[in-house]
Amino acid sequence: MQTIIDYFETIPSLHRSLILVGGITFFWILEGAVPLFRFKYKKWKHALPNLFFTFTTILVNFALAFLLLKTADWTATNDFGIINWLPEMPLWLYVILGTLLLDFVGAYLPHYVEHKVKPLWMIHLVHHTDHNVDTTTANRHHPLESLIRFAFTLVGVLIIGTPIGIVFLYQSLSLVATQFSHANIKLPKKVDKALSWVIVSPDMHKVHHHYVLPYTDSNYGNIFSIWDRLLGTYMEYDRDAIVYGVDTFPDEVENGSIAGLLKQPFHKYRKPTEATTSQRGI
């Protein structure tokens, strides 16, 4: 475990890039072999805006990475943060606890808040207006959302007290986990269900991308499913009946345009609608 943490403390940018590109490539190929939906779209054309926003997310995180490093170093120097105030524990438990708490403060919590605060929902909308969710959707975030999520991660590092090795380990795991959960792949239902007791599985996360409430406001988890299950935001839905997008922003042309998506947060707020009885599968 110490070897792993030492590696992630100084992980080269090239290696982080390889994790990103390797993950997209692997799940892209897998989508062709075992697709959940056979989308009638040009895969590269669909991927273009998503990859653009992946690039802007990388730029934001790269430009501000020094703040994470400074904050993590400060918590280590001053023995500050939740996991540093707890009784001494084995390294493996320290890493697991730090990763779990980062997943809550840095991912679940901002995701939940973005769905509940109207201006933040309008920013987060860019992620939800993809009508053909696949592995490239994972990092389809408006630059403003990238800043918001970075801020939550920074606060998480401070109050949890995670050293930079755990921070970079978590970010790498998060990258692959979100590519996996967004991937247009069809796992055996029993396998997907079993996975969903520990991590956010593809079927579990696809419910979150269903186009109407209450499903859009569920399954906020990033890596671990524990937070949705503990906090009552876990929901299930027939994966074959899922319709992607947002009911109040149905324009597929605008939702597939980089210029249109950059302007999307500045539209007037449109109140989402609740699913009908038939849409709820009741």
Side-chain angles (χ1 to χ4, degrees), residues 5 8-11 16 20 53-54 56-86 89 93-128 138-178 181 199-200 205 208 217 219-233 265:
I5 296 304
F8 279 100
E9 279 182 354
T10 57
I11 182 172
R16 300 185 77 181
L20 170 67
F53 286 108
T54 297
T56 60
T57 299
I58 292 170
L59 284 181
V60 170
N61 289 333
F62 182 77
L64 300 177
F66 74 97
L67 292 176
L68 280 182
L69 183 59
K70 292 291 186 183
T71 303
D73 286 348
W74 184 88
T75 62
T77 301
N78 294 277
D79 202 29
F80 188 87
I82 295 170
I83 59 175
N84 297 317
W85 297 332
L86 294 173
M89 65 188 80
L93 182 58
Y94 182 78
V95 172
I96 289 174
L97 189 57
T99 303
L100 275 168
L101 291 175
L102 264 183
D103 196 50
F104 175 70
V105 179
Y108 178 93
L109 192 58
H111 197 176
Y112 179 86
V113 171
E114 285 172 340
H115 278 252
K116 301 304 178 183
V117 178
K118 291 178 182 178
L120 298 186
W121 165 246
M122 294 303 296
I123 294 171
H124 182 54
L125 189 65
V126 169
H127 182 69
H128 276 268
N139 289 296
R140 175 179 155 133
H141 299 296
H142 195 280
L144 292 174
E145 179 171 7
S146 298
L147 288 170
I148 292 165
R149 294 207 169 207
F150 182 88
F152 272 89
T153 299
L154 194 64
V155 170
V157 171
L158 178 64
I159 65 176
I160 299 165
T162 41
I164 198 63
I166 293 180
V167 175
F168 286 159
L169 169 63
Y170 171 76
Q171 289 184 332
S172 298
L173 291 173
S174 174
L175 192 60
V176 177
T178 53
S181 62
I199 63 173
V200 178
H205 190 70
H208 180 75
D217 285 356
N219 299 0
Y220 298 107
N222 188 48
I223 298 178
F224 303 105
S225 60
I226 182 176
W227 307 119
D228 285 298
R229 293 183 180 278
L230 285 177
L231 299 173
T233 53

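Start at 1 with the first residue, then count along the sequence. Quick caveat, the model's predicted, so the values are computed rather than measured.
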Would you be so kind as to tabulate the donor-acceptor pairs closer than 3.5 Å made by side chains of residues 58-76, with sequence neighbours excluded?
from: Asn61; atom 1: ND2; to: Thr57; atom 2: O; distance (Å): 3.3
from: Thr71; atom 1: OG1; to: Leu67; atom 2: O; distance (Å): 2.7
from: Thr75; atom 1: OG1; to: Ala72; atom 2: O; distance (Å): 2.7

Practice problem: Determine which pairs satisfy side-chain hydrogen bond (donor to acceptor under 3.5 Å, both in side chains) with at least one residue from residues 99-108, sequence neighbours left out, and list them in order. | Solution: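 As it turns out, the side-chain hydrogen bond (donor to acceptor under 3.5 Å, both in side chains) pairs with a partner in residues 99-108, which skip direct neighbours, are Asp103-Tyr170, Tyr108-Thr233.
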Self-check item: Test side-chain hydrogen bond (donor to acceptor under 3.5 Å, both in side chains) applied to Arg16 - qualifying residues, sequence neighbours left out
Solution: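 With sequence neighbours excluded, Arg16 shows a side-chain hydrogen bond (donor to acceptor under 3.5 Å, both in side chains) to Gln171, given in chain and number order.
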Quiz item: Taking it one step at a time, do Leu231 and Phe104 satisfy side chain to side chain contact (heavy atoms under 4.5 Å, CB included)?
Solution: CA-CA 11 Å; Leu231 299 173; Phe104 175 70; 3.7 Å; yes
Quiz item: side-chain hydrogen bond (donor to acceptor under 3.5 Å, both in side chains) between His115 and His128: does it pass, once the steps are laid out?
Solution: CA-CA 11 Å; His115 278 252; His128 276 268; 3.3 Å; yes
[atom2] on [Y] to [atom1] on [X], rounded to 0.5 Å:
| X | Y | atom1 | atom2 | answer |
| --- | --- | --- | --- | --- |
| Leu97 | Leu102 | CG | CG | 10.0 Å |
| Leu147 | Thr56 | CG | OG1 | 9.5 Å |
| Glu145 | Glu114 | CD | CD | 4.0 Å |
| Phe8 | Leu173 | CZ | CG | 6.5 Å |
| His141 | Ile123 | NE2 | CD1 | 13.0 Å |

Quiz item: With Val200, which residues qualify under side-chain contact (heavy atoms from CB on, under 4.5 Å), at least two apart?
Solution: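 With sequence neighbours excluded, Val200 shows a side-chain contact (heavy atoms from CB on, under 4.5 Å) to Ser181, Met204, His205, given in chain and number order.
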Exercise. Using side-chain contact (heavy atoms from CB on, under 4.5 Å) as the criterion, list what pairs up with Lys116, not counting sequence neighbours.
Key: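 Tyr112, Asp217, Tyr220.
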Quiz item: Which ring pair (Phe, Tyr, Trp, His ring centres under 6.0 Å) pairs, counting each pair once, include a residue from residues 142-169, with sequence neighbours left out?
Solution: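 Non-adjacent pairs meeting ring pair (Phe, Tyr, Trp, His ring centres under 6.0 Å): zero.
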Quiz item: Are Asn139 and Leu20 close enough, and set up right, to give a side chain to side chain contact (heavy atoms under 4.5 Å, CB included), and what steps lead you there?
Solution: CA-CA 10 Å; Asn139 289 296; Leu20 170 67; 4.3 Å; yes
Exercise. Decide yes or no on side chain to side chain contact (heavy atoms under 4.5 Å, CB included) for Tyr94 and Ile166, but give the supporting numbers first.
Key: CA-CA 9 Å; Tyr94 182 78; Ile166 293 180; 3.8 Å; yes
Quiz item: Between the side chain of Arg140 and the main-chain N/O of Val126, is any donor-acceptor distance below 3.5 Å?
Solution: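 Present.
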Quiz prompt | Side-chain donor/acceptor of Asp228 to backbone N/O of Gly221, under 3.5 Å | solution =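 Yes.
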Quiz prompt | Shortest non-hydrogen contact from Ala107 toward Asn222 | solution =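 Heavy atoms only, the tightest pair is CB-CB, 3.5 Å.
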Quiz item: Where do Val105 and Leu109 come nearest, in terms of heavy atoms and distance?
Solution: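 Looking at all heavy atoms of both residues, the shortest contact is O-CB, 3.8 Å.
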